[in-house]
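Encoded as structure tokens, the structure appears first; notes follow it.
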Amino acid sequence: MKRTSAVQAKLDSAAGGRILVFAQILVLIAFLLGLGFILRTTGGTLFLAASLAPALAVIALVLTAGLLVNKYRRRHSLFFKEEYASGETVFRKGDSSECAYFIVSGKAEVVREENGKETVIATLSEGEYFGEMALLSDRPRNATVRAKTTLTTEVVGKENFLAMMRAVRSTRDDVAETVKQRLAQVAEKGSSR
Amino acid sequence: MAMTLMTVLAYAQDATFQRDPVERLTSEILVLLILVGIAVVLYSLIRYRGRTERASSWAFLLLGVGILPIVTGMVGTVLVFERAEHVEFCMSCHLTMQPYVDDLKNSQSSSLAAIHYKNRYIPADQCYQCHTSYGMHGTAEAKMAGIIDTFKYYTRTYKLPITMRQPYKNEDCLKCHAASEKWLGLHGDFKESVFSDDMKCMDCHGQDHPAHTFPRQQARYEKN
């Protein structure tokens, strides 16, 4: 995925999760080094507790703070561009929802996986949007979206998307109608199997 | 159960480290903080596994990665400062400090260190008391020097024989001896010279009555 905005760096939810796990493991090691110092106070344990432990804790704090800032900026972003290569995943089912995507060019497919089988439930093209349902329901993503071709999107953060919905009635009506159609589409696909 | 565990962990060290009530209390608080920190981080790892959909997941992250490590670090600094004053701590860098501590504890030695130790002229933390200047600045200086020495030891970047960074200052003797009647009686003729720094304590006590003596040990450690 090519980042075209230097300010808003995308970090997918899975990678962000791994970074947070790594940060917490670093903090665990730092705590254990501190405990080692208390149990056996020598120059060696002091050396580790005074040098390695703070370094690990600072790295963990920086990583976590960086992710928090990234998340916050993403939620408050307003139309920054993101591009995806063909086959690249935009977001996965279960990811946290921070923004909606407006397709500028290319195609995206909405995929659901059930019982190990993947089903394409919709293909979206230029002028359409996706990712709004999770923002409205305040729940994790309920499907995976992948770029079917090279995909260019404009991304709106959750806070700005919801503000737009509140302020512009026509947008609210349009989104509500789209959500209704998509839910009906999903229900139809589900019952036809 | 938690209190028992905490007390056991805090007291796991040699009993001589636990004399000071400040140190004892700090150890127990630190153990508690660390155990709580470990519990919070483990819970966050197991429950959320890096996911952040809920506000509670961020609350645990803030606590486990932010607040608790910072507070633990601050309390830990107090404990480090307390424990780094003990003779046993100095001795843990045994390749360089063992001969000094051996001499200190040698009742047959006539060095100043041994005399002060065996008569308990300095009741505790004998290395620290002599090698720290007066006041907060002296304490900060000693701590900084100690940290640097610890790093040098464990990175094996120290040089033998061990030498003082600067000549031993009169004020480090006088902070205890200046008001002593016994000292004034013995040094009366030239005490003004000592007070004004015209004459150094080590002019006499460097050779004839040295601070430390360790002829055989020094040879061994220099070889190492």
Side-chain angles (χ1 to χ4, degrees), chain A residues 11 13-65 67-68 70-72 75 94-98 134 138-141, chain B residues 8-14 17 26-28 30-31 33-38 40-42 44-45 48-54 57-58 60-62 64-66 68-70 72-73 75-77 79-80 82-84 86 88-94 96-97 146-147 149-151 153-155:
Chain A
L11 193 67
S13 192
R18 284 193 289 274
I19 288 172
L20 284 177
V21 168
F22 175 68
Q24 287 174 94
I25 289 171
L26 291 183
V27 168
L28 263 180
I29 295 170
F31 277 135
L32 289 171
L33 288 173
L35 202 57
F37 171 75
I38 298 173
L39 292 178
R40 184 111 185 97
T41 300
T42 64
T45 54
L46 171 68
F47 180 73
L48 290 174
S51 59
L52 194 57
L56 294 179
V58 166
I59 291 169
L61 191 61
V62 166
L63 287 173
T64 306
L67 273 168
L68 180 62
N70 183 58
K71 201 173 175 71
Y72 178 84
R75 278 175 77 105
D95 284 354
S96 56
S97 52
E98 286 145 16
D138 198 25
R139 295 176 69 82
R141 302 290 189 194
Chain B
V8 166
L9 286 173
Y11 282 74
Q13 188 61 267
D14 186 318
F17 269 116
T26 312
S27 305
E28 290 179 359
L30 196 57
V31 166
L33 284 171
I34 289 176
L35 291 178
V36 167
I38 290 173
V40 165
V41 172
L42 279 176
S44 174
L45 273 172
Y48 299 108
R49 280 170 287 184
R51 294 193 308 267
T52 54
E53 299 97 46
R54 300 279 171 252
S57 61
W58 282 107
F60 275 100
L61 273 172
L62 183 66
V65 180
L68 282 171
I70 289 170
T72 304
V75 176
T77 301
L79 187 68
V80 164
E82 286 291 315
R83 286 197 174 177
H86 300 313
E88 293 83 355
F89 179 80
C90 301
M91 195 170 72
S92 67
C93 290
H94 63 278
T96 49
M97 293 294 116
I147 289 279
D149 289 343
T150 305
F151 277 115
Y153 182 83
Y154 283 95
T155 53

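The analysis underlying the following values was restricted to heavy atoms, covering all of them including side chains, and did not include hydrogens, waters or symmetry mates. Each chain gets a letter, A, B and so on, in the order the sequences are listed, and its residues count up from 1.
- At a threshold of 4.5 Å between non-hydrogen side-chain atoms, the residues A:L32 and B:I34 do not count as touching.
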Evaluate A:I25 against B:V41 for side-chain contact (heavy atoms from CB on, under 4.5 Å), listing each step before the verdict. CA-CA 8 Å; A:I25 289 171; B:V41 172; over 6 Å; no
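- Interface remark: B:L68 contributes backbone and side-chain atoms alike to the contact with chain A (heavy atom separation under 4.5 Å).
- In this structure, no portion of A:L63 lies under 4.5 Å from any heavy atom of chain B.
- Both the backbone and the side chain of A:A60 have a heavy atom closer than 4.5 Å to some heavy atom of chain B.
- A distance of 10.0 Å separates CD1 in A:I38 from OG1 in B:T26, rounded to the nearest 0.5 Å.
- Separating the CD1 atom in B:I38 from the CG atom in A:L28 is a distance of 6.5 Å, to the nearest 0.5 Å.
- Proximity to chain A involves both the backbone and the side chain of B:S44, based on heavy atoms less than 4.5 angstrom apart.
- B:Y154 OH: more than 12 foreign heavy atoms inside a 6.0 Å radius.
- Of the atoms belonging to B:T72, it is side-chain heavy atoms, and not backbone ones, that fall under 4.5 Å from chain A.
- With a 4.5 Å cut-off on non-hydrogen atoms, B:L61 touches chain A through its side chain but not through its backbone.
- Looking at B:R83, its side chain never comes within 3.5 Å of a backbone N or O of A:T42 through a donor-acceptor pair.
- Proximity to chain B is limited to the side chain of A:L46, based on heavy atoms less than 4.5 angstrom apart.
- Checked options A:L20, A:V62, A:T64; the residue passing with B:V65 is A:T64 (criterion: side chain to side chain contact (heavy atoms under 4.5 Å, CB included)).
- Taking 4.5 Å as the limit, some side-chain heavy atom of A:F37 sits within range of a side-chain heavy atom of B:V80.
- The parts of B:F151 that come within reach of chain A are both its backbone and its side chain, each placing non-hydrogen atoms under 4.5 angstrom from that chain.
- Residues A:F31 and B:L33 fail the side-chain proximity criterion, which asks for heavy atoms closer than 4.5 Å.
- How far OG1 of A:T41 is from CZ of B:F89: 8.0 Å, rounded to the nearest 0.5 Å.
- Note: A:G44 leads A:A49, A:P54, A:G34, A:G44 in heavy-atom pairs under 4.5 Å with chain B.
- Considering every non-hydrogen atom in both B:S92 and A:G43, the closest pair reads OG-N, 2.8 Å.
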